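Below: one structure, written as structure tokens.
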Amino acid sequence: MAPVMFAGLIVFLLMGFSVAFSLAACGLFFGYLGVEIGLLPASLMQALPLRIFGIMANETLLAIPFFTFMGLILERSGMAEDLLDTIGQLFGPIRGGLAYAVIFVGAMLAATTGVVAASVISMGLISLPIMLRYGYDRRIACGVIAASGTLAQIIPPSLVLIILADQLGRSVGDLYKGAFIPGFVLTGLYVLYVLMVTLVKPAWAPALPPEARSIREDDGSAGLRSLGVLFLVSVGAALAFANSRPDATPTDELIVVSMCVGVGVAFALAVLNKLFRVKLLSRMAERVTFVLIPPLALIFLVLGTIFLGIATPTEGGAMGAVGALAMAVARRRLDLKLMRQAMDSTMKLSCFVVFILLGSTVFSLAFQGVDGPKWVEHLLTSLPGGQVGFLIVVNILIFFLAFFLDFFELSFIVIPLLGPVAEKLGIDLVWFGVLLAVNMQTSFMHPPFGFALFYLRSVAPISDYIDRLTKKPIARVTTGQIYWGAVPFVIIQIIMVGLIIAFPNLVTGGNAKKAEIDISNVNLEIAPQKEDAKEMDAAKLLGIEPAPATPAASGASGAAPAASAGAAAEEDPMDAIKRALEEDKKKN
């Protein structure tokens with residue numbers, strides 16, 4: 001019945017029913033059918049209420065509303081607008097500068113919001129008109145904005161990593177640490193692609209004209225020299241701190257704390273320069289420092305505390321939500337309307353996730369009852385090539401399913417079936433989860449059903465218009481231009497999947513190695529009782545060797561035979577424990 005049940009789920013989905021109710025209806029229908037034909041015991045469905053209560057008691061899932069609320073507050077408080085304006089002015093003089101700014105701000109928003117929709121819509125509203133105004137190719141502009149927004153899928157605090165950790169039975173913190181380096185490697189690949197475009201087709205990504213650069217010094221210069229000096233000083237402080245740390249420090253912890261030290265030095269110098277008016281820093285240096293520091297501080301508040309082990313992901317999300325509210329208050333953007341919008345959107349997304357999770361629980365209970373996991377296991381373990389063959393087939397499957405399902409649906413339907421098989425094949429589930437997260441990131445970029453493309457389509461101009469600044473006519477952005485702009489970035493994401501498979505240390509290098517216990521060096525020490533200790537101390541003072549204690553014979557009167565006493569004295573309990581542990585290890 002397992003393959004029939006899986007096919008039935010596909011039929012439900014193709015009929016247009018929502019995923020949550022399709023899962024629940026399919027599970028209940030086949031569960032009832034299995035009970036009626038005697039394939040399943042009626043008592044199986046009695047476990048369903050316990051599973052549902054277990055979901056509601058799962059504290060890890062509380063991180064989803066916290067991070068969603070934090071992202072929505074930040075997106076509506078004007079942080080993205082300030083970042084894009086400042087970084088755009090900073091990179092404006094070079095070719096592709098606005099594209100670099102969008103990628104950089106996309107990574108910053110990903111590390112603070114974790115919400116793809118908020119990042120894509122914010123950058124689409126702010127950056128796309130400016131890029132069109134100054135002659136950027138529409139495919140490059142749309143592709144960069146959509147791809148940079150999807151970085152929120154892989155860079156912590158990503159919502160999909162929380163769900164993957166729950167479905168794979170692994171720590172959210174471990175998946176965050178594992179995804180930290182791949183997320184920034186992917187960001188670097190985006191930058192490399194833009195650089196190649198500017199070298200091959202410089203007209204597609206021109207530099208900003210001089211009249212568009214508003215941050216200037218009194219002498220007309222951009223003030224980049226003092227910013228470069230401040231950057232070198234902060235990097236030097238970060239490297240000096242990193243070199244002072246022990247060699248056993250985990251990579252992710254070392255990067256986050258070193259960045260915090262470097263940023264703190266830069267911020268302190270900028271504050272001193274402003275208070276004492278020594279004018280050692282230019283306007284550009286001060287602007288960049290004061291705009292970048294608040295989101296970087298929030299990143300450390302959330303990710304730094306998680307990586308250092310100070311807070312759980314749920315607690316980190318709560319602190320991030322409070323920090324986002326504080327930033328909105330500091331910007332004087334927090335009002336009742338903003339709170340209502342953020343809370344309403346958070347409630348909708350959280351209910352969406354919980355209902356899919358409840359539906360997948362009903363489906364998985366009936367699917368397990370008909371031995372569905374065994375069917376999937378036999379199907380996948382019989383593939384040629386072992387681990388490599390399994391990974392190739394799974395990634396191709398996820399890639400094509402992402403054309404039709406988003407990452408929530410993939411996480412709740414497919415991942416529970418793949419996780420046990422991967423574990424049986426000896427694959428590290430943290431590494432496997434990060435690999436699938438990068439692959440599922442393509443679900444946002446796939447033409448024609450990519451959600452990031454839909455978000456961008458909703459804010460891109462659908463008709464020709466007159467630019468309000470230059471008064472020149474600007475042509476509309478077509479849906480085909482958005483789709484073709486996404487294709488190169490989908491290819492980059494596939495390349496990233498291959499890099500993770502080829503270089504597993506990109507993921508595993510971010511996690512601290514667990515100490516292995518050598519059972520041959522295990523010693524069992526039992527403290528003597530008070531009376532025995534007193535006798536041993538008295539014997540030592542008198543220079544008498546204390547006699548070994550003779551175990552009493554159980555179940556017999558009188559003294560034990562001498563041979564039995566000798567055998568008991570020769571028996572070492574520690575050898576028996578070691579032998580049992582070694583036998584158990586061989587069995588496992």
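Just so you know, these numbers come straight off a predicted model, no measurement behind them. Counting from 1, the numbers follow the sequence of the chain as shown. Scope of the values below: all heavy atoms of this structure, side chains included, with no hydrogens, waters or symmetry mates.
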Original post:
Just wondering, more than 12 heavy atoms not from Met1 lying within 6.0 Å of its CE?
Top reply: yes

**OP:** Step through the shown structure and confirm whether more than 12 heavy atoms of other residues, nucleotides or ligands are within 6.0 Å of CZ on Arg476.
**Re:** no

Subject >> NZ/NE/NH1/NH2 to OD/OE distance under 4.0 Å, Asp344 and Lys348 >> reply: yes

**OP:** Mind running side-chain contact (heavy atoms from CB on, under 4.5 Å) on Leu9 and Ile413 for me, showing each step along the way?
**Re:** CA-CA 10 Å; Leu9 174 62; Ile413 298 173; 4.0 Å; yes

Original post:
Which word best sums up how the rings of Phe21 and Phe355 line up, parallel for under 30°, tilted for 30 to 60°, or perpendicular for over 60°?
Top reply: tilted

**OP:** For Gln441 and Thr150, indicate whether the former's side chain and the latter's backbone hold a donor-acceptor pair under 3.5 Å.
**Re:** yes

Subject >> Min side-chain heavy-atom separation Cys142-Leu456 under 4.5 Å >> reply: yes

Subject >> Side-chain heavy atoms of Val362 within contact of Arg51, under 4.5 Å >> reply: no

Subject >> Aromatic contact, Tyr176 with Phe180 (centres under 6.0 Å) >> reply: no

Subject >> Test item: Ser345 side-chain N/O and Ala342 main-chain N/O as donor-acceptor pair under 3.5 Å >> reply: no

Original post:
What class does the angle between the rings of Phe6 and Phe367 fall in, given that below 30° is parallel, 30 to 60° is tilted and above 60° is perpendicular?
Top reply: tilted

Subject >> Interatomic spacing from CE in Met5 to CZ in Phe363 - rounded to 0.5 Å >> reply: 4.5 Å

Original post:
Taking atom CH2 of Trp375 as the centre, does the number of heavy atoms from other residues, nucleotides or ligands within less than 6.0 Å exceed 12?
Top reply: yes

Subject >> Residue from Ile392, Leu435, Val388 passing side chain to side chain contact (heavy atoms under 4.5 Å, CB included) with Ile501 >> reply: Leu435

**OP:** Using a cut-off of 6.0 Å, state whether more than 12 heavy atoms not belonging to Tyr465 lie near its atom OH.
**Re:** yes

**OP:** Would you check, one step at a time, whether the test side-chain contact (heavy atoms from CB on, under 4.5 Å) holds for Leu349 with Leu159?
**Re:** CA-CA 11 Å; Leu349 181 63; Leu159 297 183; 3.9 Å; yes

**OP:** Pick out which of Ile415, Val414, Leu417, Leu436 makes a side chain to side chain contact (heavy atoms under 4.5 Å, CB included) with Gln167.
**Re:** Ile415

**OP:** Spell out, as yes or no, whether a donor-acceptor pair under 3.5 Å connects the side chain of Tyr136 to the backbone of Ile130.
**Re:** no

Subject >> Leu151 vs Tyr190 side-chain heavy atoms within contact, under 4.5 Å >> reply: yes

Original post:
Do Leu72 and Gln341 pass the side-chain contact (heavy atoms from CB on, under 4.5 Å) test, and can you show the C-alpha distance, the side-chain angles, and the key distance before you say yes or no?
Top reply: CA-CA 9 Å; Leu72 293 170; Gln341 290 176 346; over 6 Å; no

**OP:** Any chance you could lay out the side-chain contact (heavy atoms from CB on, under 4.5 Å) test for Met327 and Leu334, step after step, and finish with the verdict?
**Re:** CA-CA 9 Å; Met327 288 179 60; Leu334 188 65; over 6 Å; no

Subject >> Within 6.0 angstrom of Ile10 CD1, more than 12 heavy atoms from elsewhere >> reply: yes

Original post:
Does Met343 CE have over 12 foreign heavy atoms under 6.0 Å away?
Top reply: no

**OP:** For residues Val459 and Tyr455, determine if any side-chain heavy atom of one lies less than 4.5 Å from a side-chain heavy atom of the other.
**Re:** no

**OP:** Measure the CD1-CZ distance between Ile427 and Phe390 for me, rounded to the nearest 0.5 Å.
**Re:** 5.0 Å

Original post:
Tell me, do Val394 and Phe432 make a side-chain contact under 4.5 Å, heavy atoms counted?
Top reply: yes

Original post:
Are any non-hydrogen side-chain atoms of Ser411 and Met440 less than 4.5 angstrom apart?
Top reply: yes

Original post:
Are Asn395 and Phe399 side-chain neighbours, meaning at least one heavy-atom pair lies under 4.5 Å?
Top reply: no

Subject >> Salt-bridge present (Asp137, Arg139; N to O < 4.0 Å) >> reply: yes

**OP:** Would you give the length of the straight line joining atom CG of Leu109 to atom CG of Leu83, rounded to the nearest 0.5 angstrom?
**Re:** 6.5 Å

